[in-house]
Structures are given as structure tokens and as C-alpha cells.
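Here the structure is laid out as C-alpha cells; the discussion comes afterwards.
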Amino acid sequence: MTTKMIALLVGLSALCFSAQAENGQMTRLSKISVDPAHLPAYRAALAEEVRDSMEREPGVRALYAVFEKEDPTRLTILEIYASRKAYEQHIKSRHFIKYKEGTLHMVTSLELVDVDPLLPELKIK
């Protein structure tokens, strides 16, 4: 195989991977800290938003929130969306906007980390 053919194949592979990533699922970790005075209200608002999103939005594959045992004011949400478009629809949904606006004063820090799953084809049982 010539060097030009190898370069062409590598270029095509990268192009296919890029298109697949753009049209494929989107996975993110949301790392959040909550003011302790608002923790019960925040947990209730988040639970309502997660339930609504999972029930109403087919493009939301998973929203799995976990609170740290040693510091329950810190949580991480594993978010899996069918695509970037599904994520964009999610953040425009009425229930997400209600959650976001209702908890803005409760959140002391927010870090959004886009991640690549090791085995994206695996499903949560």
C-alpha cells in the first residue's frame, strides 16, 4: 500500500469518526455543589426534573444523579443523550427550564464535562 493510499484511508476514517461523533450519542458529567441550606429543596427539584425528562423525552437516555456520601452537597449527574440535538431539545424543555430557574440560587458551583464512554454501545440495565 502506498503512502498516499494510507493517508487517504486515515483521512477517510477520521472523517467518518467525526461525522459519527456529531450524530452519535452525547455523554456528559455535570458536577454540582449545592448550598447546604437548600439541599432538601434542590433534591426535590432535581428528582422532579429527572423524572419528567426520562418520561417525556425519548432522546434522554439516562440522567443518573449521585450524591457524595461524605459531602452530600456535592453531586454528579451522568447524562446520556441520543445526540447533540436531543441535548439541545432537553435544555429548551419546559421542565428543564423550570428546574434551572428554580435552583439557580441553590447551586454554588457547576462544572460540565463532556466525556467519551469506553463502550458507548452498552446499555444501562
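Taking each heavy atom of Ala37 and Asp35 in turn, the nearest pair found is N-OD1, 2.9 Å. The heavy-atom pair separating Ser53 from Val60 by the smallest distance is O-CB, 4.0 Å. The minimum heavy-atom distance linking Glu70 with Pro72 is given by the pair C-CD, 3.9 Å.
No option in Arg28, Lys92, Glu57 other than Arg28 meets the side chain to side chain donor-acceptor pair (under 3.5 Å) test with Tyr87. When Ile97, Leu104, Thr103 are each tested for a side-chain contact (heavy atoms from CB on, under 4.5 Å) with Glu101, only one passes: Ile97.
Taken to the nearest 0.5 Å, the CE atom of Met26 stands 15.0 Å off from the NZ atom of Lys85. In this structure, Ser83 OG and Glu88 CD are separated by 8.0 Å, a value rounded to the nearest 0.5 Å. Rounding to the nearest 0.5 Å gives a distance of 9.5 Å between CZ of Arg74 and OG1 of Thr108. Separation of atoms CZ (Arg51) and CG (Leu63) is listed at 12.5 Å; rounding is to 0.5 Å. Atom CZ of residue Arg43 and atom CG of residue Leu75 lie 8.5 Å apart, to the nearest 0.5 angstrom. Rounded to the nearest 0.5 angstrom, Thr27 OG1 and Arg61 CZ are separated by 9.5 Å.
Glu121 CD: more than 12 foreign heavy atoms inside a 6.0 Å radius. Atom CG of Leu119 is surrounded by more than 12 heavy atoms from other residues, nucleotides or ligands within 6.0 Å.
Side-chain contact between Val107 and Tyr42 is present, with heavy atoms from C-beta onward closer than 4.5 Å. Looking at heavy atoms from C-beta onward, His90 lies in side-chain contact with Glu49 at the 4.5 angstrom threshold. The side-chain heavy atoms of Leu46 and Ile77, taken from C-beta on, include a pair separated by under 4.5 Å. For the pair Asp52/Tyr99, no side-chain contact is recorded, criterion being any heavy-atom separation below 4.5 Å from C-beta on. Looking at Ile32 and Met106, their side chains never come closer than 4.5 Å, going by heavy atoms from C-beta outward.
Taking hydrophobic clusters as Ile, Leu, Val, Met, Phe, Trp and Tyr residues chained together by side-chain heavy-atom distances below 4.5 Å, Met54 shares a cluster with Tyr81. Both Tyr64 and Ile80 are part of a single hydrophobic cluster, where members link through side-chain heavy atoms under 4.5 Å apart. Criterion: ILVMFWY side-chain heavy atoms under 4.5 Å apart, direct or through other members. Under it, Leu39 and Val50 are part of a common hydrophobic cluster.
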